[in-house]
Amino acid sequence: MHLRITTWNINSVRLRPAALAKVVRQLEPDVLCLQETKVADEAFPRSMVEDLGFEHLHIHGQKAYHGVAILSRRPLEGCHTHRWCAIDDSRHAVCTLQGGIELHNVYVPAGGDEPDIEKNPKFRHKLAMLDEMSDWFAASRDDTRRIVLVGDLNIAPLENDVWSHKQLLKVVSHTPVEVAKLERLRQSHGFVDAVRAIVPPEEKLYTWWSYRARDWRAADRGRRLDHVWLSPALAPALRDATVMREARGFDLPSDHVPVTVDLDV
DNA sequence: ATGGTAGGTATCCTA
């Protein structure tokens, strides 16, 4: 069975019906994982996403901030959420797809501006959530589990995941301490970075461009913050991975673009 | 070194 999964930080699901429709029409994902929906569950535009063909929904939002959602054309089972760092942020939703494929949709904190846990509680929170998730995946490791972990992890781990490795070493999202925590999370369950298994690490690749650039396309100062990881049991199912760069040029764009994987499961 | 834009909300937070 073919399975196409797309992850996208939409930066407000209510503000971008046109961009969402375009993404769905062009990519035709079976499952679409959204982050930063920025809406309480009772105000989520359910009928809009149902009209786009997503009959099965797992919505985990809150007012104004964060929020994740799993939209699916295929049945979802065992939907639940995770709460990390004893904080009631809506950052992690889980569902199981047909065939026992466990899908985790994650939104890691951006972490503020200062990469110092003493001065910046948001950076401390970012690192703490990565540690807690790593411990949880390590403790429940089972290499027969078929897991897809997607989301805005807010870290660009490789040199070519940022426009300038050297200039971003002290910038939150690419500091060595964050990269080490992300790597620990990846290794906690033997996850494979699906996008870099398809696009060679020697190639620059970004999924986010700041709104603050005068001309994002000309400057091209992007970062690869959005990821798709596969557990060892699922890694051989990977067929393709793509980044929808053109979505950054849509009218009223999100600052992130969709990332898609094709699996033969 | 600095400030730049965007979204949601309520007069400022987060990204």
Side-chain angles (χ1 to χ4, degrees), chain A residues 7-23 33-45 48-49 59-69 83-85 87-92 105-117 119-130 150-157 161-164 166-175 178-179 181-182 206-227 245-259:
Chain A
T7 178
W8 185 27
N9 179 324
I10 193 170
N11 188 17
S12 171
V13 69
R14 286 179 296 178
L15 193 68
R16 296 187 216 289
L20 181 63
K22 222 165 153 178
V23 163
C33 294
L34 300 177
Q35 304 87 34
E36 280 207 273
T37 52
K38 292 187 172 177
V39 62
D41 294 350
E42 58 270 23
F44 191 95
M48 175 181 81
V49 300
I59 295 160
H60 178 44
Q62 66 186 82
K63 186 179 176 180
Y65 301 111
H66 325 311
V68 290
R83 174 173 177 273
W84 301 108
C85 305
I87 297 172
D88 281 319
D89 284 353
S90 298
R91 295 188 180 275
H92 189 168
N105 180 13
V106 178
Y107 176 50
V108 171
D113 288 330
E114 181 76 43
D116 181 334
I117 59 169
K119 295 183 199 160
N120 175 7
K122 288 187 281 202
F123 193 67
R124 179 193 293 270
H125 177 212
K126 181 179 197 175
L127 298 187
M129 176 167 161
L130 293 165
V150 309
D152 176 5
L153 305 184
N154 263 315
I155 297 171
D161 291 341
V162 292
W163 63 275
S164 167
K166 204 177 162 188
Q167 285 177 260
L168 287 173
L169 276 170
K170 291 178 180 174
V171 174
V172 172
S173 73
H174 193 61
T175 64
E178 292 168 87
V179 170
K181 298 283 188 194
L182 188 73
Y206 316 133
T207 65
W208 173 90
W209 293 261
S210 172
Y211 284 127
R212 292 175 186 174
R214 283 183 216 99
D215 183 340
W216 72 272
R217 208 188 305 262
D220 201 21
R221 294 186 167 189
R223 307 177 198 169
R224 188 172 72 104
L225 304 178
D226 303 274
H227 300 272
R245 182 183 164 99
E246 63 266 35
R248 187 62 179 78
F250 286 176
D251 293 333
L252 203 66
S254 169
D255 45 354
H256 295 252
V257 299
V259 179

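What you are looking at is a predicted structure, and each value in this text was computed from that prediction instead of being measured. In what follows, chains carry the letters A, B, and so on, assigned in the order in which the sequence lines appear, proteins first and then strands, with residues in each chain numbered from 1. Below, each value reflects all heavy atoms present in this structure, side chains not excepted, and no hydrogens, waters or symmetry copies.
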Spacing of the [atom1] atoms in [M] and [N] (rounded, Å):
{"N": "B:dG7", "M": "B:dT11", "atom1": "C1'", "result": "15 Å"}
{"N": "B:dA6", "M": "B:dT2", "atom1": "P", "result": "23 Å"}
{"N": "B:dG3", "M": "B:dA15", "atom1": "C1'", "result": "16 Å"}
{"N": "B:dT5", "M": "B:dT9", "atom1": "P", "result": "22 Å"}

| field | Toward the 5' end of DNA chain B, by each residue's nearest nucleotide, A:N11 or A:E36 | value | A:N11
| said: Between A:A110 and A:S210, which residue's closest nucleotide on DNA chain B lies nearer the 5′ terminus? | reply: A:S210
For the side chain of [X], counting heavy atoms from C-beta on, which of [options] is nearest?
{"X": "A:S12", "options": "B:dG8, B:dA6, B:dA15", "value": "B:dG8"}
{"X": "A:Y211", "options": "B:dT14, B:dG4, B:dA6", "value": "B:dA6"}
{"X": "A:R212", "options": "B:dT14, B:dG7, B:dT5", "value": "B:dT5"}

Taking [atom1] from [X] and [atom2] from [N], how many angstroms apart are they, rounded to a whole number?
{"X": "A:I87", "N": "B:dT14", "atom1": "CD1", "atom2": "C1'", "result": "14 Å"}
{"X": "A:W216", "N": "B:dG4", "atom1": "CH2", "atom2": "C1'", "result": "18 Å"}
{"X": "A:D113", "N": "B:dA1", "atom1": "CG", "atom2": "P", "result": "15 Å"}
{"X": "A:R14", "N": "B:dA6", "atom1": "CZ", "atom2": "C1'", "result": "15 Å"}
{"X": "A:D152", "N": "B:dA6", "atom1": "CG", "atom2": "P", "result": "19 Å"}
{"X": "A:N9", "N": "B:dG8", "atom1": "CG", "atom2": "C1'", "result": "14 Å"}
{"X": "A:L15", "N": "B:dA15", "atom1": "CG", "atom2": "P", "result": "18 Å"}
{"X": "A:H125", "N": "B:dT14", "atom1": "NE2", "atom2": "P", "result": "12 Å"}

For [X], salt bridge (Lys or Arg N to Asp or Glu O under 4.0 Å) partners two or more places apart:
{"X": "A:R221", "value": "none"}
{"X": "A:D251", "value": "none"}
{"X": "A:R91", "value": "A:D89"}
{"X": "A:D161", "value": "A:R196, A:R224"}

| said: I'd like to know if A:D220 and A:R245 make a salt bridge, using a cut-off of under 4.0 Å between side-chain N and carboxylate O. | reply: yes
Show each protein N/O and nucleotides 10-12 of chain B N/O combination with a separation under 3.5 Å, one pair to a line.
none

| Presence of A:R214 side-chain N/O under 4.0 Å of B:dT5 phosphate oxygens OP1/OP2 | no
| Is the closest side-chain donor-acceptor distance between A:S173 and A:E178 under 3.5 Å? | no
| So which of A:L225, A:D152, A:L130 actually passes side chain to side chain contact (heavy atoms under 4.5 Å, CB included) with A:V108? | A:L130
| query | Are the side chain of A:N120 and the backbone N or O of A:G111 linked by a donor-acceptor pair below 3.5 Å? | reply | yes
| task | Using a 4.5 Å cut-off on heavy atoms from C-beta on, say whether the side chain of A:H60 contacts that of A:N105. | result | no
| message | Between A:H227 and A:P157, is there a side-chain heavy-atom distance shorter than 4.5 Å? | response | yes
| field | Close residues, residues 245-259 of chain A, relative to DNA chain B [heavy-atom separation under 4.0 Å] | value | A:L252
